[in-house]
Amino acid sequence: MAVAGIAKKIPFWRNYQVLRWTTQIVSGVAVVGLVAWLAIRMVSAIEERSIPVGFGFLSRSYGGPIGHHFFPYNPSTTAADTADSFLYSLLVAAGNTVVLSIIGVVLATILGIFIGVSRLSGNWLVSRLSLSYVEFFRNVPLLIQLYFWFTVSLALPPVSSGIRIGDLFINNGGISFPWPSPTGVSPTVSWLVLAFLSLVASYFVYRRRFRLEVRTGQPSYPILSGCLAALVLGAVAWILITAVTDTAPFVVTYPAPQGRFGRISGGTTVPAALIVLLIGLVMYTAAFIAEIVRAGIQSVRKGQREAARSLGLNNMRSLRYVVFPQALRVIVPPLISQFLNLTKNSSLAVAIGYSDLLSVAKTMTQIAPALSIFILVLLIYLVISLAYSLIGNIYNRTTRISNR
Amino acid sequence: MSDPQPVSASGKALPPPRTERGALGWLRVNLFGGWRSSLLTLIFSATAGAALFYGLRWVFVQANWRIVAEMGGRIAIGSYNTVDNCALQNCYWRPQVVLLGFILILGMAWGVAGKGMTKRIALGAAIVLSLLAFLPYSWEDMGIGVRLLLGANLPALGLGWLLSRYTPLRTYFRISLFAVAWFVLSMVLLRGISGVPGMQPVSVYAWGGFMVNLILAVGGIALSLPIGILLALGRRSETPLVNMRIPVGKHRTLKWRQRLPIVKFLCVVFIEVFRGVPLLALLFLSQYLLPLAMPEGFFLTSIPLLRTAIVITLFSAAYMAENVRGGLQGLHPGQAEAARALGLSGLSTIRLITLPQALRNVIPAIVGQFISLFKDTTLIYVIGVLEVVQIGRSFIQGNIQTWAGSEIEYFLFIAVLFWIFTYGMSRISRQVEEKLGASSRARN
């Protein structure tokens, strides 16, 4: 129905199309202008004070110490043995952050689920204790918690008079224990490749047994078969490699005090700073995860629990088979953002001296352009965040209720 | 017909058995309701009891709390009143007057909120602060001026309560305006004005202690919410708020599409970058970047405290934007359409209809972000600001002979200090939620 009387032309300051484009152009120009002005000022200041910039330093060798590294790193700078480049060192440090984040995430999720479920326990003491845990660890800043654990760890005995339990050494430098170390490129790498292939094969074994169980209804132990297949194939590969190359792929080294100060060498040493960081991060993040889990479980309709009870499932079983899978849909998105928070909070390692990405980058700024290094650091963190968000998005998409 | 009640020999109705009522009944159900539950009760009460015993014994017998007594006012104001920064050492009244002002505002908030958590927190804070006036320090260490100003907190609370009852300052909105004005005034007061007697300038580099944490938190909270709201609205500006067709001329209609893709793109980039990187990395970057980009001596970026304020505010605004966006997404689109039908313009719709409802829905998330912001103020030490954590650490490191073992006592003290504030914030938010009718309890 045409409305009679639209004869007056709309003035341009109320014409929404004009307004729309004006605001966009104005805001775009303003932001671009601001950024350009800042960039020009920066460039001129850099030239003025001859501050080094540029990414050429990445290929130079670094040679600085990285206290602990999960991936191989070579800091020596003798003539025969050039140290790894800046770029590789940054990537090793980034690897530290990623491995730390994965371990922390797994531990925090386990602890968080445990505490979250305890919050809803029928036992008054258990639910009140987990409430106090959550309320305490959520509200105290993480930095204070880390300093606290760090100070506690300093109370451990020094290396020379540390605790020794068989082959396990505990002192204020960390915990040392026996660990397999690679023996050489060809036996180790070839076994690793064969081990990976055997894992893939065992996955297919698992899948086949699972489908068999679904089809016939008879138990065929898919998980057990998969694990057995992995073990058997791995052992076969080990024997093969040992026979062919005359050396085992891995050899176990034992930690032992050496030299004047009794420093531990051999085996592997998990540095105290890493343990402190993990304990602090895990306990802090688990408090948040506990609340998320509790909210998720409480979001499942009460009727589900009642129906499960009436089917004869007790509390534990109804939680595991009925309530928790439904709660997952509510739990996972905020859980992913807590994983992200843990990864970002791991940058607090710079406060307690663990060599994660930010702390190594900070040391590097003493001998390399600070601006370029921090831009790289930001990019690496953005990539890690994107990876976690992608995983979360994939999960959301696959579990989305179709009518939303 | 109901079940017949058990009857005693004389014909009177019997109460339930003793093991099912009162304390015994509660114990039976809540602590010993089954063999698993009983086992858990035994294990946890044993471990909790042991932890409590050893913990309390350490706190009261073995720990050396003298570090807290020795540091005293430095925990609160850092080196504000030391000889280096305030020659006559008479600057202590300025932070205290600022505190009095905020207790006044707290009193006003109590006046408006009425009974409940706010009242308890307001009274508790004022009483504790007033009691601090009676600390057993010598008259030299803690003079009469300091004590009087501390003791004045209780009357200040009462004055605030009276003001909110009998003056036009009786809505949350007006109190917030007053708080903003007081905040600006207190910055001037703390900084001092040269030439005015009694207000000699104290360099911002000297500000330290818990005061710095509070200043950053209050400023950050106040600024990051509006910026976050703007960012969230900007991010949503590509999707049409309302689907409508407008007739123009006899046979044509315009589809109403409010699309601002450039604005949305800018907002998305900002939010994702600031959310994807740790705050520490941003603080380090700002230390190198901002002095280069801004003119030399530009006050906002040459003072470390203000640099961190900017970075923390923008960082928190990105998270706030995501929370507000969640609230906006949960809003029914019919609300905006109805507002359009009533003739409200876009801006009025957002201001009167969309935002109040969206914000009400996400108050817990917003307050959670406020609490995170407050906790993140501990990270600013990387720029060289001595806030409450670092003032203690630097004091202990500086006098390592005397205080070598006292770090844990100090960290526990400030942990409890932070805990009081953050827990209080989350409880107050619950009361605000109920008052605004946002919580599910109020709605049912």
Side-chain angles (χ1 to χ4, degrees), chain A residues 1-3 6 16-17 20 23-25 27-28 31 37-39 41-42 45-46 49 51 121-126 129 135-136 138-145 147-148 151-152 340 343-348 350-351 357-358 361-362 365 370-371 374-375 377-378 381-386 389, chain B residues 26 29-31 33-34 37 40-41 44-45 48 247-251 254 256 258-263 266 272-273 275-282 284-285 288-289 291-295 346 371 374-379 381-382 389 393 407-408 411-412 414-416 418-419 421-423 426:
Chain A
M1 175 188 95
V3 175
I6 310 268
Y16 82 97
Q17 274 176 322
R20 189 179 94 205
T23 46
Q24 288 204 91
I25 293 175
S27 55
V31 170
W37 179 72
L38 288 174
R41 287 203 56 87
M42 251 173 50
I46 287 173
R49 305 183 217 173
I51 298 172
S121 160
N123 188 320
W124 178 90
L125 191 64
V126 169
L129 277 177
E135 285 302 329
F136 184 76
R138 260 195 337 172
N139 286 324
V140 175
L142 179 60
L143 190 66
I144 298 180
Q145 293 185 36
Y147 279 141
F148 176 80
T151 317
V152 164
L340 266 175
T343 312
K344 285 181 283 181
N345 285 335
S346 71
S347 62
L348 258 67
V350 73
L357 179 60
L358 195 60
K362 185 161 195 291
T365 60
L371 221 55
F374 279 122
I375 292 179
V377 165
L378 286 188
Y381 272 113
L382 275 175
V383 165
I384 300 179
S385 307
L386 266 172
S389 307
Chain B
W26 182 91
V29 168
N30 288 307
L31 286 178
S37 182
L40 280 176
T41 305
F44 277 102
S45 48
V248 230
K250 265 215 183 138
H251 301 288
L254 272 177
W256 175 281
Q258 202 159 351
R259 300 174 125 258
L260 298 170
I262 301 180
V263 169
L266 293 172
E272 291 305 325
V273 166
R275 264 171 41 108
V277 298
L279 181 59
L280 268 181
L282 280 176
F284 280 131
L285 188 66
Y288 292 102
L289 201 64
L292 288 181
M294 296 303 225
I371 294 178
F374 184 50
K375 291 186 297 182
D376 283 341
T377 59
T378 53
L379 296 178
Y381 76 96
V382 298
V389 180
R393 288 189 79 226
E407 286 142 339
I408 295 204
F411 290 140
L412 274 178
I414 49 176
V416 171
F418 269 99
W419 187 88
F421 275 81
T422 48
Y423 189 68
S426 59

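All heavy atoms count here, side chains included; hydrogens, waters and symmetry mates do not. Not measured: the values here are computed from a predicted model. Here is how names work: the chains are called A, B, and so on, in the same order as the sequence lines, proteins then strands, and each is numbered from 1.
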Locate the shortest heavy-atom distance separating [X] from [Y]; write the atom from each residue and the value.
X: B/Gly276; Y: A/Leu382; value: CA-CD2, 3.9 Å
X: A/Arg138; Y: B/Lys375; value: O-NZ, 2.7 Å
X: A/Leu378; Y: B/Ala281; value: CD2-CB, 3.9 Å

Option among A/Leu143, A/Thr151, A/Val152 that satisfies the side chain to side chain contact (heavy atoms under 4.5 Å, CB included) test with B/Phe411: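 Exactly one candidate clears the test, A/Thr151.
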
My understanding is that only one of B/Val273, B/Leu282, B/Val277 makes a side chain to side chain contact (heavy atoms under 4.5 Å, CB included) with A/Tyr381; could you say which?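 So the option named by the test is B/Val277.
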
Who wins among B/Leu40, B/Thr378, B/Ile371 for the most heavy-atom pairs under 4.5 Å with chain A?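 That would be B/Thr378.
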
Option that, when pairs with chain A are counted at under 4.5 Å, heavy atom only, ranks first among B/Thr377, B/Leu31, B/Ile414, B/Val389: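 Heavy-atom pair counts peak at B/Leu31.
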
To the nearest 0.5 Å, how far apart are CG in B/Leu285 and CD1 in A/Ile375?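 The CD1 atom of A/Ile375 is 6.5 Å from CG of B/Leu285, to the nearest 0.5 Å.
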
Mind checking whether A/Glu135 and B/Tyr423 have side chains closer than 4.5 Å, heavy atoms only?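 Of all side-chain heavy-atom pairs linking B/Tyr423 with A/Glu135, at least one is under 4.5 Å.
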
Are the side chains of B/Phe418 and A/Asn139 in touch, meaning some heavy atoms are under 4.5 Å apart?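 Not in contact.
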
Checking [X] against chain B: side chain, backbone, both or neither under 4.5 Å from a heavy atom?
X: A/Thr343; result: neither
X: A/Leu129; result: side chain
X: A/Ala351; result: both
X: A/Leu348; result: both

Is [X] in contact with chain A via its backbone, its side chain, both, or neither, using a 4.5 Å heavy-atom distance?
X: B/Leu266; answer: side chain
X: B/Ser45; answer: both
X: B/Leu279; answer: neither
X: B/Tyr381; answer: side chain

Has A/Asn123 got a side-chain atom pairing as donor or acceptor with B/Ser37's backbone, closer than 3.5 angstrom?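 Yes; at least one donor-acceptor contact below 3.5 Å.
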
Just by modelled atom types, is the B/Val29 backbone N or O under 3.5 Å from a matching donor or acceptor in the A/Trp124 side chain?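 No, A/Trp124 side chain to B/Val29 backbone: no donor-acceptor pair under 3.5 Å.
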
